[in-house]
Number of protein chains: 2
Amino acid sequence: MSKPDATQTETPKRKRLPSSERRQDFINKAIEFFAEEGFESSTRGLAKKLGVTQPLLYRYFPSKDDLISEVYDAVYVNRWLPEWEPLLRDRARPLSERLNTFYNLYTDVIFNREWMRIYLFSGLKGVDINRRYMQLVRQRILEPILIEARTEFGLPDEPTRDCEVEFAWVMHGGIFYYGVRDLIYDSVISNDKERVISDAIVAFMAGLEIKLRRDPPSKGEPQTV
Amino acid sequence: MSKPDATQTETPKRKRLPSSERRQDFINKAIEFFAEEGFESSTRGLAKKLGVTQPLLYRYFPSKDDLISEVYDAVYVNRWLPEWEPLLRDRARPLSERLNTFYNLYTDVIFNREWMRIYLFSGLKGVDINRRYMQLVRQRILEPILIEARTEFGLPDEPTRDCEVEFAWVMHGGIFYYGVRDLIYDSVISNDKERVISDAIVAFMAGLEIKLRRDPPSKGEPQTV
DNA sequence: TATTTAATTTGTCATTCGATAAATAAGGAA
DNA sequence: TTCCTTATTTATCGAATGACAAATTAAATA
């Protein structure tokens, strides 16, 4: 309204941050912002959320796309926890117990609005980081699970077949979609995540054993790689 | 380049369509366009795809949002086939056979790039038509399936519990996510849709039977509705 | 053919977008 | 204090956006 007077102590006294801190702050807020508004949203909107002017963004990132790339890295790469993989291979515990532990930990990371929306937005944009992420899930999560399962069932070691990977994907995707329904569509009726995961794993293990014994890999069609 | 001469027969001879045909054409092409480019894409881009000028769109739809609403209706409402529901309740056939038939028919409709992308885009926009669609799936597909399953297993009729609905959602979501991986992420390794569905249903039926016999509804916690 | 109706285009406006250049000001070094 | 570095803002450009009014033209009607 009028010019600020001395009594108005609320003047933000805009702080001047060192380059590295400011940059990290920008990325973190950009994750929130783009997750909520989509990547088509304006850099001016982001600047407003940051409490700075829009051209300042260009001192830290050469272009909007470069900023978005950093957002991808921060979400996809930095949040992947390396302890997940050894956990799945720890044969001291029964597989279904390992699976329960893993999926509870994994969903602790990815079941949040930010992660989910960034994932869906970037998927629709067709950026290849999504394809790479799914390859990671397949190679580091699903295929190890299938190998462990064969041992658990007392079956001989065989290379995993494509249809087995797809079967594991269906379980994985079912759990994932539970998070989507919860965080994106807001239409989950039972908030008992642990139970949903546990039930999904029971079905997966039962289904997989039936599947492996019904059409065993050795007698089935040879796998085209 | 130069002005068109008589030999240039390729002049599009722009046809003047009656209102209703033109309108339907606009909606159909708008589905393709927005599915590919997202709803943030420009009306000028759509007009170009239609081969007409941009202001013409406003003779048929009051605003861009109104056009988008019509796109939603055309995808969500008009493609829902009423024969799906009686199919699921046809007790002359074993349930898992009905499930296979249904999911093959259902995915014949929704497993196309258009449907999938419109669904994901609109979900991220938060329009409530998605929530309504999921309610439809729950009430007309998943709950009927659960009721049929109880009969199939020789269990007494009981109202379906929330955790059972979630369990059915996990199967449904797993199959759905197979389509997403195929059509959005282009990262499916086995194109045998029928087999993926069949395997998913085997696991679902096995898991559900275990689940229902392990914690039967009558002895479990009372359902909060 | 002449007239009328309505489908379609031309022209344009006010915003908003990503991006750049130049001006300002904060904070450390001298 | 004075100087210097650099974080930040102000001002602005050209392109793209949704929307509207008026002019044009194809096709139906008389």
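Every heavy atom of this structure was used, including side-chain atoms; hydrogens, water molecules and symmetry mates were not. Only a predicted model underlies this, so the values are computations on that prediction, with no experimental measurement involved.
For residues 97-119 of chain A, the pairs satisfying salt bridge (Lys or Arg N to Asp or Glu O under 4.0 Å) are A:Glu36-A:Arg113, A:Arg79-A:Glu114, A:Arg93-A:Glu97, A:Arg98-A:Glu148, A:Arg98-A:Glu152, A:Asp108-A:Lys193, with sequence neighbours left out.
Atom C1' of nucleotide C:dG18 and atom CZ of A:Phe34 are separated by 11 Å, given to the nearest angstrom. Put simply, CZ on B:Phe26 is 11 Å from P on C:dA7, counting in whole angstrom units. C:dA6 atom P lies 12 Å from atom OH of B:Tyr60, rounded to whole Å. Remark: C1' of D:dT10 and CZ of A:Arg59 are 14 Å apart, rounded to the nearest angstrom.
Of the possible donor and acceptor atoms, none in the side chain of A:Glu40 sits under 3.5 Å from a partner among the backbone N and O of B:Glu40.
Shown here are the side-chain contact (heavy atoms from CB on, under 4.5 Å) partners of B:Glu194, two or more places apart in sequence or in another chain: B:Asn104, B:Asp192. Shown here are the salt bridge (Lys or Arg N to Asp or Glu O under 4.0 Å) partners of A:Glu143, two or more places apart in sequence or in another chain: A:Arg138. Evaluation of the side-chain contact (heavy atoms from CB on, under 4.5 Å) rule for A:Leu56 yields A:Phe26, A:Val52, A:Thr53, A:Arg59, A:Tyr60 as partners, not counting sequence neighbours. Contacts of A:Lys49 classified as side-chain contact (heavy atoms from CB on, under 4.5 Å), with partners at least two apart in sequence or in another chain: A:Lys29, A:Glu32, A:Phe33. For B:Glu85, the side-chain contact (heavy atoms from CB on, under 4.5 Å) partners two or more places apart in sequence, or in a different chain, are B:Trp80, B:Arg140. When the salt bridge (Lys or Arg N to Asp or Glu O under 4.0 Å) test is applied to A:Asp186, no partner is found at least two apart in sequence or on another chain. Listed by chain and number, the residues in a salt bridge (Lys or Arg N to Asp or Glu O under 4.0 Å) with A:Arg132 are A:Asp128 (sequence neighbours excluded).
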Would you give me the side-chain donor-acceptor pairs under 3.5 Å for residues 63-74 of chain B, sequence neighbours excluded?
residue	atom	partner	partner atom	Å
B:Ser63	OG	B:Asp65	N	3.4
B:Ser63	OG	B:Asp66	N	3.3
B:Ser63	OG	B:Asp66	OD2	2.7
B:Lys64	NZ	B:Phe39	O	3.1
B:Lys64	NZ	B:Ser41	O	2.8
B:Ser69	OG	B:Asp65	O	3.3
B:Glu70	OE1	B:Arg23	NH2	3.2
B:Glu70	OE2	B:Arg23	NH2	2.1

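OP1 or OP2 of C:dT8 lies within a sub-4.0 Å distance of a side-chain N or O belonging to B:Arg22.
For the segment residues 61-69 of chain A, residues with any heavy atom less than 4.0 angstrom from an atom of DNA chain C are, sorted by number, A:Ser63, A:Lys64. Near DNA chain C, defined here as any heavy-atom distance below 4.0 Å, the residues from residues 35-58 of chain B are B:Arg44, B:Val52, B:Thr53, B:Pro55, B:Leu56, listed numerically.
Taking a pair as Watson-Crick or G-U with both hydrogen-bonding distances under 3.5 Å, the stems of three or more pairs touching DNA chain C are C:1-30 with D:1-30.
Heavy-atom neighbours of A:Lys48 NZ from other residues, nucleotides or ligands within 6.0 Å: at or below the threshold of 12.
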